[in-house]
Each structure stands twice: as structure tokens, then as C-alpha cells.
Novice: 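Okay, handing you the structure first.
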Amino acid sequence: MFDCLLIANRGEIACRVARTARRLGIRVVAVHSEIEAGAAHVALADEAVCIGPAPVPESYLQAERIIEAARATGAQAIHPGYGFLSENAGFARACADAGLVFIGPPAAAISAMGEKDAAKRAMQTAGVPIVPGYHGEEQNDVLLASEAAGIGYPLLIKAVAGGGGKGMRVVEAEDRFATALKGARREAKSAFGDDRVLLERYLQRPRHIEIQVFADAHGNAVHLYERDCSLQRRHQKVVEEAPAPGMSDAMRAAMGEAAVTAAKAIGYEGAGTVEFIADVSDGLRDDRFFFMEMNTRLQVEHPVTEMITGQDLVEWQLRVAAGEALPLGQGDIPLNGHAVEARIYAEDPRRKFFPSSGPLSRLVLPADDAHVRVDTGVREGDEVSIYYDPMIAKLIAWDETREGALRHLRRALESTRLAGVANNVEFLHAIAGDAAFLAADLDTGFIDSRQAELLPPRDGVADEVLAAVAFDVLLARGERAAAAALASGDPHSPWNRVDGWRLNGEGRDEIILVVGEDEISIAVGLHGDSDVTLALPGGTAAVTGRRTGANGVALSLDGRAFRAEVIWHGDEATVLYGAASRRIGRRDPLALGAVEIDHAGGVNAPLPGKIVQVMVAPGAAMKKGEALLVLEAMKMEHTLQAPGDGVVERVNVEAGQQVEEGAELLSFEAQED
């Protein structure tokens, strides 16, 4: 076994690998960019090395700097985690040339599976079923259009070197093919430095089921059962579970055998995942699954496999890389219970899952126990940067049954407290309790088809939430008054009181809250020392309450108990209750109002990023929903569409330009109805 391991990654996976390495007595070296010297993965390591500026190409993709760091710190092996250099055959070779062990498969195996078209051809030769399509080397646009017509629509364009949904487009009709091909090529070039694509038949009701495989240098290869990863948004996984619901023993054996065959066909060693697409238009059948690709690394969702098998897959990786045989044979690998993983992202489900960045002003995650595991790489106060993937944490729930695992997942999400960035906690909770999901009625279009049921409502806020904010305002006012009274010469003066005391009569007040574009005026009745009435939209309620910690409030509204946390960012509060959160503003009528800027005639950047394409010019007519610009942010492309009909007046940006959130990208003159 190794004495010293360098982890060539960051965030959650770097923390995950470090924990296993330290348990095995291995010294851990972290690498980090200039903005992550105080990151959680750095704090877990025994030593850390800065490898460059924040942008990924200047730091985490700098293979030579990482190898230099390993040499300088005495590391014997490098674990690449996932993403970044984990599936880079050149990096694997460079490690070997430097006398370092790459914790992953041989470079030749990475190359064999790294190009999806060549991988499909190799799997077809090995007898592994593949989806019908075009996997050839010729990339002429005219030829691709001809092949697409032969395959038929809808079809899928996929980047040859792709992964994570990047460089992927679903094309519904022939007249959309050219635009989709151009976009897929551009995104693939940006993400992988390779704009080649393949074409495949698009299955109408697919499920994404993958098999975890492991092989060693002694000729042994096994699978550790399957994971269902069908719940996706923007072609990226959100919820994963193991085993796959409805999987028969016969189909599990067939898929497992196919996955092991795929691994053996390329001389695989270490951890890998063989991804299949299953056509479930007639149910889950063992003659309707097709090879998609092989990920030659550890997967984000590996914890669900660990939970049902009781195995530490990172430990397996380290032992195999050190030359040991696999710890277990196929017949010795247990399958116990059910596990579900939910990925918590800094993103806004209400805004097409646009990623969010900023400081984590509040982050409380559930404690690990027999039923819940938490994997994360951030802490309260850390920054979600525009430079990296916006995943905050993974919650993994286990129980003997799927129903029990989902129940534990819902409770874990309800105990999560997250503020400072938009996030998908409430959305994940809705999935975990959704009737169709509970019934395992799954396919990869699940989220798109059920957004109305799953997405948090845009409008409407419960009276309890408004009461929590209003009462928090009153409590804060009283706390400030008490502090001022103590500092005054007469702490018992009635003029220091803000509890409604009047020489004659009862106190009145008004608190103005802002929900979206609506102002809600809440009349406050102050009756003596502790009695308050709030005129809420649903009616006037008698309210009592108290502080529960720095941000918490416990309320009683006409006898109905309600607990929440109210976290302020200037004049805006994030209210956390259960798995839900709401942002509510407050307008102080005595404060000087800010100058408002009318953006009705402009398109603004929804988040910071880089402009990769401008599709219109000044003077061009535009129609509502028409694509105007493409913005690249947090590893994904976002197409900004016309909010209405009109004529473009000015274009304020050009391709390659970095923009801040809120920057006006173009202005237009709206067309009058």
C-alpha cells in the first residue's frame, strides 16, 4: 500500500478520497487553486500545494504542475477523483512516465472508451448491444445530415469525447439539425477540446441504468450491481438509486455479464461504470438494453453502491492500484437493502436550473447515522464559485426497502438548512415524495414531464412564512432597543421601549414585505409586553413567539405552531422551514429609496459568465422565444431568449467577453400589441 497519496481534485470528491486514505494510514496531499487555499479539502489534507489561478484550465487541468506537486511532496500515487483529468489518457501516461501510480485504469483502456464512436464499435465487436446510430469517423456536416435522415427523428447528437450532458443535443426534426449540430460542436470544443460527434436513435421512454465494475491486474473482474440514474435535468443526474426499481434477477445477470465483458474487452483495471440505456416503452426487459458509454473512473453516485454492498470503493481502488487482487469474488458481493442519493446543487429550479454562485451564509447538513450519509466539500461561509461545478453536497439514504430509504431521504432534506445561494433542496424533497417516483414510474424524461408537480411555486407565500419574517423584524427591533437601553443613562425609561407601550391606548405599526414584484403590507397590533396581532393575507392572527438560536424563531399563530430560520442579507430575508425556502424582501418606508433602473427593454445576464455566441445584430427583428445569445457559466451553456417581440437596438457584448450578473447584454424596442 502507498505511504503518500496526492489527490488531483477538489471539493466533495477530494474530501471523500482523503477520508478513506487517512483511515488506511496514508498521508494525503491536496492541490488547490489560488482562491481555494482555505477550502475544506485542503483542511483535510496533511499538505497542500497551490497549482494556479482559479480557472480550471489554469489549475486543475495543469497536468505538469500536478505531477511536480506529487514529486515535491513525496507522493507515490495520484488519485484523479472524477472530472478534470480523471479520464485523460495522456495524464495517466505522464504519471507512469514520472514513476507515479495513477489510481485508475491503464491509459490504453481510457483511450479505448474515451472516444464514444470508437467505444461503440469496440463494444459491438465484443457482442455488447449498442443503440443504432452513426459512430463513424467522417465528420462532414452533409454526411452527418444524411446519416441523421437515415436514423430518423428524434435523434441524439453526442460529443465523441463528451460526458455530463456537455456537447449533447436532442433533435426533434430535420429543420433543427444544423443549429443543434453547431451548438453541440461548439460546447464539445469548449469542454473537451474536441468537436467531433456521433448520432444515435433517441429512445422515447429510456431509463439510464449503469453497472459498477471492478477489475484487477490478475485477470479478475466483477460487477457490484446496478444503479438507476434516470432522474436528470439538462442531461445531468440529480437523483440516483441502487438497486434499480423493477430489476429482475435475469436482467441484472444479463446487464452485469455485458458490463464485465465490456471491461475485459479493453483490458480494464480499477473502478469503472458501464452505462446502459434501457427502452422501457414495454417495461423493463432483458432484451431492450443498449451500451451507451463507459466511464473509466469513479462515479459521483458511487455511494449508493457502497451503501447496498457495504464496500468502500475508494479502498478497492487503492488496493487494486497497489497490485492487490480484488477483495471479493462475484459470488461474495452482498446486495443489501436500497439506497438513494440526492445531489444538492446551487441552482434555481424555477429558472431552468441556472446555477447560482455566492457565499453559503447558512449551511447545516444532517448528521451521518445508520440511515443517512452526507458527502460534501464545503462548509458554512464558503463560496460557491463561478469557476467550478455548483454541487454543494450529496445526501445518501439507506434502508431495507426503497420506501424506507425515501422516507429517510425526505427527513434528511427537511433537516437541511441552506441559504445564500439559490438551491434545489425543496425540489429534491418534492421528487422524494412524488407519487410517480414512489411508484417507480421512471424514465429520463421524468423531471421534464412533471415540472408542474415538482417545481416550487413561483407565487404565493404562506401566512406562516410572512409571520416569521414580520415577527423576526419585531424581535430584532426589541433586541436593539434593549441594547440601547442598557447603554443609556436610564435603562428603565418607557421611551426606550418598542413593545407597544403608549401613554393612552395600544401601539400600531406596519411592516411592508416584498414577494416577487408584490408588496404586502402587514398591520401590526402591539398589545402590552408580549401580545402581537398580525394582519396577514389570510386574516388577522394572534402571534406569540421566541428566538431559537441566532436565526431561528418559534411561533404560534392562533395556536398553530411553526418553526423557521430567518437569515437576512441586507433588506432581503431567506426563510428556511422544512425542506422549503423563500426569499422575501422588506421595504422600510422611512428609508431613502434606491433609484430603479427599468430593464423592460433589455436582456440581462442571469449569472456571471462568458459570452460564446451572439445571434442577432442591431436592427434585427426578434420574436418572443427566439435565441439571442449563448452564455457559458459554471461549465454549461445557457441560451438567452427574447422576452417578447421587438427590434434589437444595441448589442453591448461580443463573443469571448466576460460579463457580470445583471449586465445588460442587449437592448431592444418592444413591439406594441
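On a predicted model such as this, the values are computed, not experimentally measured, just so you know.
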Novice: Could you give the distance from CD (Glu453) to CD1 (Ile431), rounded to the nearest 0.5 Å?
Specialist: 12.0 Å
Novice: Do Tyr387 and Ser59 get their side chains close enough for a donor-acceptor pair, meaning under 3.5 Å?
Specialist: no
Novice: Tell me if a side-chain donor or acceptor on Asp382 pairs with a main-chain N or O of Arg379 at a distance below 3.5 Å.
Specialist: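 Yes; at least one donor-acceptor contact below 3.5 Å.
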Novice: Going by heavy atoms in the side chains, are Ile157 and Phe177 under 4.5 Å from each other?
Specialist: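 Heavy-atom side-chain distance check passes, below 4.5 Å.
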Novice: Using a 3.5 Å distance criterion without hydrogens, assess whether the side chain of Arg402 forms a donor-acceptor pair with backbone atoms of Asp399.
Specialist: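 Looks like no, no N/O pair under 3.5 Å.
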Novice: If we only count heavy atoms from C-beta on, is the Val378 to Val384 side-chain gap below 4.5 Å?
Specialist: no
Novice: Below 4.5 Å, heavy atoms only, C-beta onward: do Ser86 and Leu298 meet side chain to side chain?
Specialist: no
Novice: Quick one, Val566 with Asn551, criterion side chain to side chain contact (heavy atoms under 4.5 Å, CB included). Give me CA distance, side-chain angles, the key distance, then yes/no.
Specialist: CA-CA 5 Å; Val566 183; Asn551 304 302; 5.8 Å; no
Novice: Indicate whether the side chain of Arg234 and that of Gln232 have a donor and an acceptor atom separated by less than 3.5 Å.
Specialist: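 Checked: Arg234/Gln232 side chains show no N/O donor-acceptor pair below 3.5 Å.
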Novice: Between the side chain of Arg410 and the main-chain N/O of Ala432, is any donor-acceptor distance below 3.5 Å?
Specialist: yes
Novice: Indicate the atoms forming the closest heavy-atom contact of Phe668 with Pro643, along with that distance.
Specialist: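 Of all heavy-atom pairs spanning Phe668 and Pro643, the closest is CZ-CG, 3.6 Å.
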Novice: Mind listing the closest non-hydrogen atom pair of Asn424 and Arg343 along with its distance?
Specialist: ND2-O, 3.1 Å
Novice: Check Met294, Met292, Glu275 against Glu210 for a side-chain contact (heavy atoms from CB on, under 4.5 Å) and give me the one that passes.
Specialist: Glu275
Novice: Calculate, to the nearest 0.5 Å, the distance between atoms CG and OG belonging to Leu454 and Ser449 respectively.
Specialist: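 Going from CG on Leu454 over to OG on Ser449, the span is 8.0 Å.
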Novice: Test side chain to side chain donor-acceptor pair (under 3.5 Å) on Arg227 and Thr273; report intermediate values, then the result.
Specialist: CA-CA 10 Å; Arg227 299 184 287 256; Thr273 300; 3.0 Å; yes
Novice: For the residue pair Glu36 and Tyr60, confirm or rule out a side-chain donor-acceptor distance under 3.5 Å.
Specialist: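 There is such a pair between these side chains.
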Novice: Once rounded to the nearest 0.5 Å, what's the spacing between atom CZ of Arg362 and atom OG of Ser581?
Specialist: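 Spacing of CZ (Arg362) from OG (Ser581) equals 13.5 Å.
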Novice: Within the 4.5 Å heavy-atom criterion, are Arg586 and Val469 side-chain neighbours or not?
Specialist: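 They are not in side-chain contact.
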Novice: Specify the closest pair of heavy atoms between Leu557 and Glu464, including all atoms of both residues, with the distance to one decimal.
Specialist: CD2-CA, 4.1 Å
Novice: When you look at CZ of Arg560, are more than 12 heavy atoms from neighbouring residues, nucleotides or ligands closer to it than 6.0 Å?
Specialist: yes
Novice: Any idea which heavy atoms bring Gly81 and Ile13 closest together, and the distance?
Specialist: CA-CG1, 3.8 Å
Novice: Whether Arg582 and Glu426 form a salt bridge (side-chain N of Lys/Arg under 4.0 Å from carboxylate O of Asp/Glu) is what I want to check.
Specialist: yes
Novice: Are the side chains of Leu665 and Asn652 in contact, using a 4.5 Å heavy-atom criterion?
Specialist: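 Asn652 vs Leu665: side chains apart.
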Novice: Let's go through Asp645 and Lys623 carefully: what are the C-alpha distance in whole Å and the side-chain angles of both, what is the deciding distance for side chain to side chain contact (heavy atoms under 4.5 Å, CB included) to 0.1 Å, and is it a yes or a no?
Specialist: CA-CA 4 Å; Asp645 296 347; Lys623 294 291 185 183; 3.7 Å; yes
Novice: Any donor and acceptor pair, going by atom type alone, linking the side chain of Glu226 with main-chain N or O of Ala244 inside 3.5 Å?
Specialist: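 Judged by distance alone, yes, a pair lies under 3.5 Å.
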Novice: May I ask you to decide if Asp195's main-chain N or O and Arg185's side chain share a donor-acceptor pair within less than 3.5 Å?
Specialist: yes
Novice: Using side-chain heavy atoms (C-beta onward) and a distance below 4.5 Å, is Val304 in contact with Val340?
Specialist: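 Heavy-atom side-chain distance check fails, nothing below 4.5 Å.
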Novice: I'd like to know if the side chain of Gln658 and the backbone of Gly609 have a donor-acceptor N/O pair within less than 3.5 Å.
Specialist: yes
Novice: Between atom CD1 of Ile277 and atom OG1 of Thr444, what is the distance when rounded to the nearest 0.5 Å?
Specialist: 5.5 Å
Novice: When you measure from the centre of the six-membered ring of Tyr345, is the NZ or CZ of Arg233 under 6.0 Å away and within 45° of the axis?
Specialist: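 Cation-pi check for Arg233 and Tyr345: passes.
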Novice: Under a 4.0 Å N-O cut-off, is there an ion pair linking Arg205 with Asp441?
Specialist: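 A salt bridge links Arg205 with Asp441.
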Novice: Looking at CZ of Phe192 and NZ of Lys166, how far apart are the two atoms once the value is rounded to the nearest 0.5 Å?
Specialist: 6.0 Å
Novice: Report the C-alpha distance between Met615 and Val630 in whole Å, list the side-chain angles of each, state the deciding distance to 0.1 Å, and finish with yes or no for side chain to side chain contact (heavy atoms under 4.5 Å, CB included).
Specialist: CA-CA 8 Å; Met615 301 165 175; Val630 178; 3.2 Å; yes
Novice: Donor-acceptor check, side chain of Asn295 to backbone of Arg297, threshold 3.5 angstrom: yes or no?
Specialist: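 No: the side chain of Asn295 does not pair with the backbone of Arg297.
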Novice: For residues 405-436, which residue pairs qualify under ring-ring contact (aromatic ring centres under 6.0 Å, His included), counting only residues two or more places apart or in two chains?
Specialist: Phe353-Phe427, His371-His408
Novice: Could you walk me through whether Leu629 and Leu631 pass side chain to side chain contact (heavy atoms under 4.5 Å, CB included), step by step?
Specialist: CA-CA 6 Å; Leu629 309 103; Leu631 176 73; over 6 Å; no
Novice: Check whether any side-chain N or O of Ser361 sits under 3.5 Å from a backbone N or O of Ala419 as a donor-acceptor pair, and report yes or no.
Specialist: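 Looks like yes, one N/O pair under 3.5 Å.
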Novice: Less than 4.5 Å apart, side chain to side chain, heavy atoms only: is that true for Ile584 and Ile520?
Specialist: no
Novice: If you measure from the Lys or Arg side-chain nitrogens to the Asp or Glu carboxylate oxygens, is any gap between Arg169 and Glu187 under 4.0 Å?
Specialist: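 So Arg169 pairs with Glu187 through a salt bridge.
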Novice: Output the distance between atom CD1 (Ile308) and atom CD (Gln212), rounded to the nearest 0.5 Å.
Specialist: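 With rounding to 0.5 Å, CD1 (Ile308) is 10.0 Å from CD (Gln212).
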Novice: Check whether Arg201 reaches the backbone of Pro154 with its side chain - one donor and one acceptor, N or O, closer than 3.5 Å.
Specialist: no
Novice: Would you say Glu572's side chain and His569's backbone share a donor-acceptor pair under 3.5 angstrom?
Specialist: no
Novice: Would you say the side chain of Ser190 lies within less than 4.5 Å of the side chain of Val612, judging by non-hydrogen atoms?
Specialist: no
Novice: Specify the closest pair of heavy atoms between Ala339 and Met307, including all atoms of both residues, with the distance to one decimal.
Specialist: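 Between these two residues, the closest heavy atoms are CB-CB, 3.7 Å.
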Novice: Between Gly83 and Asn9, which heavy-atom pair has the shortest distance, and what is it?
Specialist: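 Smallest heavy-atom distance, with atoms named: O-ND2, 4.2 Å.
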